[in-house]
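Structure first, then comments.
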Amino acid sequence: MKKIVSLILVLALALSLVCAARADEVPQPEGGKKFETGWAIFNTTIRIVYEEEGYRVFIRNTDPSEQKVTEWEYSCYYVEAEDVLKSVSSSKHSYTIDPETGDSKGDKTEYEDLDDENTVTVFRITEDGFLNWEDGRGQDGTDSDFSKIGDFEGVWRSDDNYVWAEFEWNDSEEDYGYYVYLHRGFDDVYAEFTAQGLYNPETGKLTVKTIVPVATNTLKDGAYETKYDEDEYELVFSELGGGKILFEAENGVELTYDIMGSAG
């Protein structure tokens, strides 16, 4: 009996601690919301995500000539008085990519530690709307202003799965921008678009244009008949927040982020 009572008390205490923790959760600061998106320059991409009471900043740089990738990750908090994000921990590591297999190799960690007052990294948004990265452990990010690219990467679907789209960001100088693969329709009749374009931070819209002819597939006598439309199409997507984007087609089509990230 004493064991049962003790167990009940332990469970009650654990529940009270959980409830207290939830009650003490701090909502995302309004001033920090503008940081939470994607940012990029040639060969480097920054993703900032709000997690519980702070921000996770992930940076990826690629060096095509050496097949080298360098990645930084920071845990940050928002400082309202300075309108910046400041890091509490930092890590940096690099590896190379085997061009034949695509496998990574030679992983090297340069640092992975908590930050002190001499190693704090700062992220701020300039008056022109660019993201500035002030590295606290070296010269990384010096004189680099990152443009806002929105938060489209991944797979998005309409509720009825009539429309789904896969977005992939490419930061190479030759093909800088989003690549979008858009599918509209069901199994018997459907059309597919492959397009590329850039995000406009002033309008909050991503505009892409087809880079290959649009294929329309119709099921006829048990086989698909494909016809190509040579006209150039312009596709526009806008962020709605809350895990949704708007495909600005006829009447507009809301697409929801697919957390599983599986196309098809």
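This is a predicted model, so every value here is computed, not measured.
Between W169 and Y176, the ring centre distance stays below 6.0 Å. The aromatic ring centres of F152 and F237 sit 6.0 Å or more apart. Ring pair F35/F123: centre-to-centre distance not below 6.0 Å.
Residues satisfying the salt bridge (charged side-chain N to carboxylate O under 4.0 Å, His left out) test with E127, not counting sequence neighbours, are none. For T126, the side-chain contact (heavy atoms from CB on, under 4.5 Å) partners at least two apart in sequence or on another chain are D128, F130, N132, D145.
Note on I97: it does not cluster hydrophobically with F58, by side-chain heavy-atom contacts below 4.5 Å among ILVMFWY residues. One hydrophobic cluster, built from ILVMFWY side chains closer than 4.5 Å, cannot hold both Y162 and L240; they sit in different ones. When the side chains of ILVMFWY residues are joined at heavy-atom separations under 4.5 Å, either directly or via intervening members, Y257 and L235 end up in a single hydrophobic cluster. Hydrophobic clustering of Ile, Leu, Val, Met, Phe, Trp and Tyr side chains at less than 4.5 Å, counting indirect connections, keeps F193 apart from Y190. Connection of Y55 to I125 is established within a shared hydrophobic cluster, with ILVMFWY side chains joined at heavy-atom distances below 4.5 Å, either directly or through further cluster members.
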Practice task
Check the pair K86, C76 against side-chain contact (heavy atoms from CB on, under 4.5 Å), reporting the backbone distance first and the verdict last.
Solution key: CA-CA 5 Å; K86 288 189 175 182; C76 300; 6.0 Å; no
Practice task
Could you give me the CA-CA distance, side-chain angles and deciding distance for E248 and K205, then say whether salt bridge (charged side-chain N to carboxylate O under 4.0 Å, His left out) is met?
Solution key: CA-CA 10 Å; E248 299 185 7; K205 298 180 186 294; 2.6 Å; yes
Practice task
Show your working on side-chain contact (heavy atoms from CB on, under 4.5 Å) between F167 and V155 and close with a plain yes or no.
Solution key: CA-CA 6 Å; F167 296 77; V155 177; over 6 Å; no
Exercise for the section: Determine, stepwise, if the pair K33 / Q28 fulfils side-chain contact (heavy atoms from CB on, under 4.5 Å). Expected result: CA-CA 7 Å; K33 290 182 178 179; Q28 182 178 5; 3.6 Å; yes
Practice task
Apply the test salt bridge (charged side-chain N to carboxylate O under 4.0 Å, His left out) to residues K34 and D83: give CA-CA distance (whole Å), side-chain angles for both, the deciding distance (0.1 Å), then the verdict.
Solution key: CA-CA 10 Å; K34 58 181 173 290; D83 196 21; 2.8 Å; yes
Handout entry: From CA spacing to verdict: side-chain contact (heavy atoms from CB on, under 4.5 Å), V57, I59
Key = CA-CA 7 Å; V57 181; I59 305 175; 4.2 Å; yes
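Closest of all the heavy-atom pairs between L182 and A165 is CD1-CB, 3.6 Å. Between G138 and D135, the closest heavy-atom pair is N-OD2, 2.9 Å. The two residues L206 and Y178 come nearest to each other via the heavy atoms CD1-CD1, 3.7 Å. Scanning all heavy atoms of the two residues, the minimum distance from G177 to L198 falls at CA-CD2, 3.6 Å. In terms of heavy atoms, S158 sits closest to V253 at CB-CG1, 3.9 Å. Closest approach of F146 and T44 over heavy atoms only: CE2-CG2, 3.6 Å.
When side chains are defined from C-beta on, E153 counts as touching R47, because their heavy atoms get closer than 4.5 Å. At least one side-chain heavy atom of I46 sits under 4.5 Å from a side-chain heavy atom of L131. Side-chain contact between F247 and W164: absent, with no pair of heavy atoms (C-beta onward) separated by less than 4.5 Å. Here the side chains of T109 and D107 are in contact, with some heavy-atom distance below 4.5 Å. Residues D115 and V88 fail the side-chain proximity criterion, which asks for heavy atoms closer than 4.5 Å. Using a 4.5 Å cut-off on side-chain heavy atoms (C-beta onward), Q196 and D175 make contact. Proximity of Y199 to E239: side-chain heavy atoms (C-beta onward) are separated by under 4.5 Å at one or more points.
Atom OG in S91 sits 11.5 Å away from atom CG in L114 (nearest 0.5 Å). With rounding to the nearest 0.5 Å, the separation of OG in S238 from CD1 in I245 is 8.0 Å. Note that the NZ atom of K148 and the CD atom of E202 stand 11.0 Å from one another [nearest 0.5 Å]. Of the inter-residue distances, the one linking N217 atom CG with E225 atom CD reads 10.0 Å to the nearest 0.5 angstrom.
With E134 as the fixed residue, the side chain to side chain contact (heavy atoms under 4.5 Å, CB included) test singles out one of T142, V122, V84, V120: V122.
Counted by atom type alone, Y95 and E71 present one or more donor-acceptor pairs between their side chains at under 3.5 Å. For the residue pair W72 / D140, a side-chain donor-acceptor distance below 3.5 Å is found, with atom types taken as modelled. Between the side chains of R56 and S75, a donor-acceptor pair is found at a separation under 3.5 Å. Side chains of T45 and D171: a donor-acceptor N/O pair is present below 3.5 angstrom, by distance only. A side-chain N or O of K244 and one of T256 form a donor-acceptor pair less than 3.5 Å apart. Between the side chains of E73 and S90, no donor-acceptor pair is found at a separation under 3.5 Å. In summary, the side chains of E30 and Y78 do not present any donor paired with an acceptor at a separation below 3.5 Å, with no hydrogens or angles considered. Y77 and E53 share no donor-acceptor pair across their side chains, judged by distance under 3.5 Å alone. Judged purely by distance below 3.5 Å, without hydrogens or angles, the side chains of T37 and D151 never pair a donor atom with an acceptor atom.
Within a 6.0 Å sphere centred on CD of Q67, heavy atoms belonging to other residues, nucleotides or ligands number more than 12. More than 12 heavy atoms of other residues, nucleotides or ligands sit less than 6.0 Å from atom CD of E51.
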